[in-house]
Amino acid sequence: MNLKLNSPIDDIKGIGEKYSKILKKHNLLTVFDLLLNFPAFYIDFKKIDNNIEISKKKVYKAKIERVKLTRNFKKRLSTLKVDANIYTKNKLNSKLQQNCNNIQIVIFNKPYLCDLLKKNESIYFFGNIENYNDYLQVRNPMIFNTIENCYILPVYTKISTIKSGFLRKIFKNIFESLYDNFENLPEQILKKYSFRNIVETLKKIHFPGVYNEKLIYNNKKRFIYKEFLFFQIELQFVRRYFRKNIRINNYRINNKLRESIKQNLQFDLTSDQIRVYEEIVNDLKSKHTMQRLLQGDVGSGKTVVSFLTLLIAKINGFQGAFLVPTEILANQHFLNAKAFFKNIEIEIITGSIPNNKKREIKERLKKGEIDIIFGTHSILNENIEFKNLSIIIIDEQQRFGVSQRAALFYKGKSVDLLVTTATPIPRTMLLTLYNDLKVSKIINKPKERKPIITKIVETEKRDSFYKWLKNKIENGEKTYIVLPLIEKSDFFSQLHSIEEDSEYFKEIFKPSQIGIISGKTPNIEKNKILNKFINGDIKVLISTTVIEVGIDVKDATIIVIENADRYGLSQLHQLRGRVGRSNFQSFCYIIPSQQITENGKKRLETINTTNDGFKIAEMDLRMRGGGIISGFEQSGYLDFKIADTKRDYEILKLAKIDAEQILKNPSLQNDYITNNISSLKEKIKKINFS
Ligand code: ADP
Ligand code: MG
């Protein structure tokens, strides 16, 4: 059967029911959707030189000399050790030289490979060779018996259980029967940028004849451009529409309100907080609804400004909503809010609230019996109705999801919106992305704050460090300990895990003094433990990075970060920001992994020498790569599928200008764009969020 770009994936040869389901779950519905899933990288079999380069991912050719499988049936673990000879020509140091032809390939938990790897046969493997005590080893490389017919092998990120090899086969099948001249970009754009036919270009991305990074990027450009162009068309279209919308909800904000706020706060607002508050007040008095972004480093005091904004809604007889990224954070803000908003009806909706209670809350929201609702972002998607919602706060927006722009614009019909973030987005980037979003900044932290002191603990001194810490804790200091993994991993054997280290910590600290939470801890349990930590019933909170965003335990003064070199700079800064939230002196102890990459070293040096979130964010974009754990980190500010706002900024700028032209001049539109715009019109008609 001939395939078209919009053929359903079920028409593709080789995709069974099971995989079809998985792909659909990932929103990959058509051949085109699937083809836009580009290779993560390529292996170039034409360029095998067998020169050993330690710690660098490369492809080598080797001859198998010995295969040995050990299994632990009880634990369902296996280790396959393959001694292989790679006949390298390069010179390593003298001790290594003796061993350097002999590489040990270690493969965990793939016992079936044992039958495929036979003595005296040649194989190729792709991985990084490491030097372990003068023996060369490569762990869990990709192994190939033959080169197939394809010298430049595309490697794909797994989609759930669908592996790279399978995807490759599917893509081959697709291209064998795909004939389509479909075009989504207008003629004049194709000419202007010399973009070529979609199918032809896709083929060159998936199966390039020669490996040339620049060429591949050039081929990707038309898809990156398309993503930006349609984003910009939508953005500019929606914005034009809403601009006509004049404010509906009017607020009275007078000095009496300001006075009563002053009396109710436990601290004086900083001059930055006051300035930002006044900027918000001005927005609320203006003809148009507020679309404001509040930037401020971790711990700078954004929450209280948000609360004060919500208070304006309440006092004027409207409802407010406070949305956050995680349930823990929703609970924490809710607790704080209870103390802050006296005599005001506040409620919280999260996944762990029982359904009957949820129903009751929804009822009361509709009737206007609840003044301010707390919850995760997802409550915008549940069909919650308000009596008269007027102000929405979206807190701790680390990254502006493309889908979240809906919250920024669609929900903004007559609702005032404040988004807070600790991510410093450069001004030029913001202007390109959202040119009528106004920005407020909190630059200085409350003045009694002492800068956090950061120290690197040598990995070998870990034990004695924890013994020293035990004393500190017995003297009353509250401490976070952050570990990267929940369960022990053979693959990342250097990384500490909750599973492996809990016993260790229970031996060092008094078991009654520690609490352990991870992404796997049920939310109710998580809250209980967190509350104990806040109350001081426990002194040490051991956790994965679930505590990263926004958690505010004022009197926690120490944070220990294990395998710190494996985090991105911004993430480290967020983690460190869990302490230093009061006028007590706080400390951040970072413990590196045993083996640490050059990039990892640089990141630690940076975090060790600066406390400035803006500087760190800037460096972060330059210092990615080199063994960061979470594979999901993208460097851009918005998560597009293919495009990256940072890397592709130049293309974004072009797409923005083109979108303006195309919207102004319908003769530049092709059918695809015209249809797109009419469906936007439909969508806007349906919006009713107040
Ligand atoms: P973030 O900007 O990271 O969201 P928070 O709003 O959680 O920071 O504030 C951090 C801590 O600083 C909180 O414990 C808060 O109560 C406190 N805080 C906020 N403003 C002030 C202020 N003007 N003076 C003293 N402490 C403040
Ligand atoms: Mg916050």
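First listed ligand is number 1; within each ligand, the first listed atom is number 1.
Of all the heavy atoms of Arg449, the ones lying under 4.0 Å from any atom of ligand 1 belong exclusively to the side chain. Looking at Lys554 against ligand 1, only its side chain comes within 4.0 Å, counting heavy atoms. With a 4.0 Å cut-off on non-hydrogen atoms, Thr270 touches ligand 1 through its backbone as well as its side chain. Contacts of Leu269 with ligand 1, taken as heavy-atom pairs under 4.0 Å, involve the backbone alone.
Residues Arg566 and Ser593 have side chains that never bring a donor and an acceptor to within less than 3.5 angstrom of each other. Between the side chains of Asp416 and Tyr251, at least one donor N or O sits under 3.5 Å from an acceptor N or O. Side-chain N/O atoms of Ser286 and Arg247 include no donor and acceptor closer than 3.5 Å.
At least one heavy atom of Ser300 sits closer than 4.0 Å to an atom of ligand 1. Not a single heavy atom of Glu448 lies less than 4.0 angstrom from ligand 1. At least one heavy atom of Asp268 sits closer than 4.0 Å to an atom of ligand 1.
Annotation for ligand 1: atoms under 4.0 Å from non-hydrogen atoms of Val298 are 3 (O).
Annotation: atom 20 (N) of ligand 1 to nearest protein heavy atom, Gln273 NE2, 3.0 Å. Nearest protein neighbour of atom 6 (O) of ligand 1, counting heavy atoms only, is Thr303 OG1, 2.7 Å. What sits closest to atom 9 (O) of ligand 1 on the protein, heavy atoms only, is Gly301 CA, 3.5 Å. Looking only at protein heavy atoms, the nearest one to atom 10 (C) of ligand 1 is Arg581 NH2, 3.6 Å. Looking from atom 3 (O) of ligand 1 to the surrounding protein, the closest heavy atom is Gly299 N, 2.6 Å. Of all protein heavy atoms, the one closest to atom 14 (O) of ligand 1 is Asp552 OD2, 3.0 Å.
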*List the steps and the verdict of salt bridge (Lys or Arg N to Asp or Glu O under 4.0 Å) for Asp268 and Lys447.*
CA-CA 10 Å; Asp268 291 333; Lys447 59 176 178 302; over 6 Å; no

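With a 6.0 Å radius and a threshold of 12 heavy atoms from other residues, nucleotides or ligands, Phe584 has its CZ atom at or below the threshold.
A salt bridge does not link Glu474 to Lys539: none of the charged nitrogens lies less than 4.0 Å from a carboxylate oxygen. Salt-bridge formation is not detected for the pair Lys438/Glu279: no Lys NZ or Arg NE/NH1/NH2 atom is positioned less than 4.0 Å from an Asp or Glu carboxylate oxygen.
None of Lys338, Lys358, Lys357 except one satisfies the salt bridge (charged side-chain N to carboxylate O under 4.0 Å, His left out) rule with Glu347; the exception is Lys357.
Closest to atom 2 (O) of ligand 1 by heavy atom, among Lys445, Gln266, Lys302, is Lys302. When the heavy atoms of Phe307, Phe340, Phe267 are ranked by distance to atom 21 (C) of ligand 1, first place goes to Phe267.
Remark: Lys478 qualifies as a cation-pi partner of Phe533 under the 6.0 Å distance and 45° angle criteria applied to the six-membered ring.
Checked against the 6.0 Å centroid threshold, Phe334 and Phe322 do not count as a close aromatic pair.
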